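Quick notes on the structure that follows.
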Protein chains: 2
Amino acid sequence: MSDWLPALGQAPRRVLSDNVLDELRAVIVSGGIEAGQRLRENELASQMRVSRGPVREALVRLEQEGLVVLERHRGARVVVLSRDDREKLYRLRRALEELAGEYACANATEADFDRANAVVEEFVRSEDSTRTPAAAADFDIRFHDSIYVAAHNDPLYRAWTVLRSQVHYFMTTRMMLRPDYNETWEREHMRLLELLRERKKSPCRKFIGLHVEGSFRRILLDQLPDDSAHPAEVAHDSR
Amino acid sequence: MSDWLPALGQAPRRVLSDNVLDELRAVIVSGGIEAGQRLRENELASQMRVSRGPVREALVRLEQEGLVVLERHRGARVVVLSRDDREKLYRLRRALEELAGEYACANATEADFDRANAVVEEFVRSEDSTRTPAAAADFDIRFHDSIYVAAHNDPLYRAWTVLRSQVHYFMTTRMMLRPDYNETWEREHMRLLELLRERKKSPCRKFIGLHVEGSFRRILLDQLPDDSAHPAEVAHDSR
DNA sequence: ATATTGTAAACCGTCAACGGAATGCAACTC
DNA sequence: GAGTTGCATTCCGTTGACGGTTTACAATAT
């Protein structure tokens, strides 16, 4: 076997359902579809110029990610997260991410840190005008995802996968960009990277706990006290 | 609307892929298929007398549960868990279950406790001769699942779903039934139920942490020091 | 004999059509 | 007129077939 070639990474082996999945997820987490709205297989399929097969597969995966709720013979709806769900979500996220921090301290490589750092730098370089809530949420998810990757912990990453899209969705739809958002974001995430590089588990865990809780509180406090912002709910079909 | 009927629970609305999923999961977690073995869609479909559609859907769900690994154009294999994976799995399970205990203290109803208790009683009533590793693992999973149910925490339950089958699989394939297994199992789980009924979060968290860690250690210590028990691994197709 | 290339079979991804369940609306009853 | 029942439409679950990728094997060259 000859391996003298300049390490060309393996060719991407994507299939239609992968694209459908990515497209649907992107649209939903960016707030492009109202919560509770029905997702008709035929509609999605014809709109994306594919058959219903790949769409069905993507919907099953989206259900696993918690973005979509499937009911037998009744079709799919975009998930509706109650305030209670969101609190539980963040409490769980905190527990997972504290663990991720510890594992990252133990297992992260320089390449891992570089990838995480690249996200921060891309955020800093990005134009102010592009800083919509959706864009900011994207950056945040990408950074924290890179921490889970750096943990090199498969079961943990799979658990994060179950929360990630819901967190992303939640952030996009409820984030308010305060004036000090950019500065705070940059500072906290760079500090976290420093702590990880020092590979001291306990301080990492504490910082991450505070960071996750803080971001949740910031998002919540900018909002109305209850769910009155979501008056539509499920209700009768709104086509 | 008349609702005078004696509360007959909603009819089960199952479809073929549900049955395929349950059947496949049951076979895999009971150790009926070797780790790393290929799962051919055609083979499964014809054996279960369904078309490939429901099989494909079940396989996607099994991948989400971590029991199966899908590779594009290459098909599905039963997952192979390394010792490292198993350690990470149990560390994560511990974190989740500690959380579940706290939430169960806050949210569990009497009906929840009854259901959990029913599992313990069924275990006690069961014949000694039926206590195979697979049967014991079933009981254990059922009990702990009822704790997660009692927590009334959807995101947490979904995270548990991602681990449950792997834990189940792990327990079945590696458990040794020591002479004192029955007594220990009964005692520890009844004690846990007591603590939950007292609704004191901190003692619950501590007990659950020790319980999960203890069961992991018991399983591991009865085994060989490394993975030499799994010599097959992936390797070339063994049909 | 070893390594490489060509070839055929096996298998997966996708599609389109069929049958059945669910939903909404109209007709009907009381 | 309020509530119920029947009906038609819509949509989902399932199937079988087709095309492309992968894998295993045989043929060829070195």
Side-chain angles (χ1 to χ4, degrees), chain A residues 1-5 9-24 33 36-64 68-79 233-239, chain B residues 1-5 9-24 33 36-64 68-79 233-239:
Chain A
M1 181 76 72
S2 49
D3 54 347
W4 47 268
L5 284 172
Q10 68 173 19
R13 222 178 301 274
R14 291 172 66 83
V15 293
L16 277 184
S17 65
D18 294 325
N19 296 329
V20 173
L21 175 60
D22 289 347
E23 181 68 18
L24 273 178
I33 307 182
Q37 186 157 350
R38 281 200 63 177
L39 299 172
R40 275 169 253 273
E41 294 178 0
N42 263 322
E43 202 174 323
L44 301 176
S46 59
Q47 201 163 332
M48 295 180 161
R49 310 294 182 91
V50 295
S51 71
R52 285 173 45 218
V55 172
R56 279 178 69 84
E57 189 169 327
L59 287 176
V60 170
R61 295 197 137 99
L62 283 174
E63 184 193 32
Q64 174 251 6
V68 151
V69 178
L70 297 181
E71 280 179 306
R72 314 266 67 160
H73 293 290
R74 250 172 249 197
R77 292 180 177 284
V78 177
V79 71
E233 294 305 320
V234 190
H236 60 307
D237 233 351
S238 59
R239 53 175 158 175
Chain B
M1 181 77 73
S2 49
D3 55 346
W4 46 268
L5 284 172
Q10 69 172 21
R13 222 178 301 273
R14 292 171 65 84
V15 294
L16 277 185
S17 64
D18 294 324
N19 296 329
V20 174
L21 175 61
D22 288 348
E23 180 68 17
L24 272 179
I33 307 183
Q37 186 156 351
R38 280 199 64 175
L39 300 172
R40 275 168 251 273
E41 295 179 0
N42 263 321
E43 202 174 325
L44 301 175
S46 59
Q47 202 163 333
M48 293 178 168
R49 309 295 182 92
V50 296
S51 69
R52 282 174 48 217
V55 172
R56 278 178 69 84
E57 187 169 328
L59 287 176
V60 170
R61 296 197 135 98
L62 283 175
E63 183 192 34
Q64 171 249 11
V68 152
V69 178
L70 296 181
E71 279 179 305
R72 315 267 67 162
H73 292 289
R74 251 172 248 199
R77 294 181 176 281
V78 176
V79 70
E233 292 307 318
V234 190
H236 60 308
D237 233 351
S238 60
R239 48 177 163 175

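All values reported here derive from a predicted model rather than from experimental measurement. The figures here come from the full heavy-atom set of this structure, side chains too, leaving out hydrogens, waters and symmetry mates. Here is how names work: the chains are called A, B, and so on, in the same order as the sequence lines, proteins then strands, and each is numbered from 1.
- Not counting sequence neighbours, the partners of A:E63 by the side chain to side chain contact (heavy atoms under 4.5 Å, CB included) test are A:L70, B:R61.
- For the segment residues 51-59 of chain B, residues with any heavy atom less than 4.0 angstrom from an atom of DNA chain C are, sorted by number, B:R52, B:R56.
- B:D22 pairs by the side-chain hydrogen bond (donor to acceptor under 3.5 Å, both in side chains) definition with B:R14, B:R25, not counting sequence neighbours.
- Taking atom CZ of residue B:R77 and atom C1' of nucleotide C:dC11, one finds them 13 Å apart after rounding to whole Å.
- Comparing A:R49 and B:E41 against DNA chain C, the residue whose closest nucleotide sits nearer the 5' end is B:E41.
- Remark: C1' of C:dA22 and CZ of A:R40 are 12 Å apart, rounded to the nearest angstrom.
- Between the CG atom of A:N42 and the C1' atom of C:dT23 there is a distance of 16 Å, rounded to whole Å.
- Regarding B:D18, its CG atom lies at a distance of 13 Å from the C1' atom of D:dT14, rounded to whole Å.
- A salt bridge links B:E57 with A:R72: the closest approach of a Lys/Arg side-chain nitrogen to an acidic carboxylate oxygen falls below 4.0 angstrom.
- Of the side-chain N and O atoms in A:R13, one or more sit less than 4.0 angstrom from OP1 or OP2 of D:dT22.
- In this structure, CD of A:E43 is placed 9 Å from P of D:dC12, rounded to the nearest angstrom.
- Taken from CE in B:M48 to CG in B:L24, the straight-line distance is 4.0 Å, to the nearest 0.5 Å.
- Here A:L39 contributes atom CG and A:L62 contributes atom CG; the two are 8.5 Å apart, rounded to the nearest 0.5 Å.
- Mapping A:R74 and A:L16 onto DNA chain C by nearest heavy atom places A:L16 at the nucleotide closer to the 5' end.
- In this structure, A:M48 atom CE and C:dC15 atom P are separated by 13 Å, rounded to whole Å.
- Between A:R38 and D:dC12 there is a side-chain polar atom (N or O) within less than 4.0 angstrom of OP1 or OP2.
- For the pair B:E71 CD and C:dC11 P, the computed distance is 16 Å after rounding to whole Å.
- With C:dG13, D:dG13, C:dC11 as the choices, the nucleotide that has an atom nearest any side-chain atom of A:H73 turns out to be D:dG13.
- Within the 3.5 Å criterion, the main-chain N or O of A:G75 finds no donor-acceptor partner in the side chain of A:R40.
- The CZ atom of A:R13 lies 8.5 Å from the CD atom of B:E71; values are rounded to the nearest 0.5 Å.
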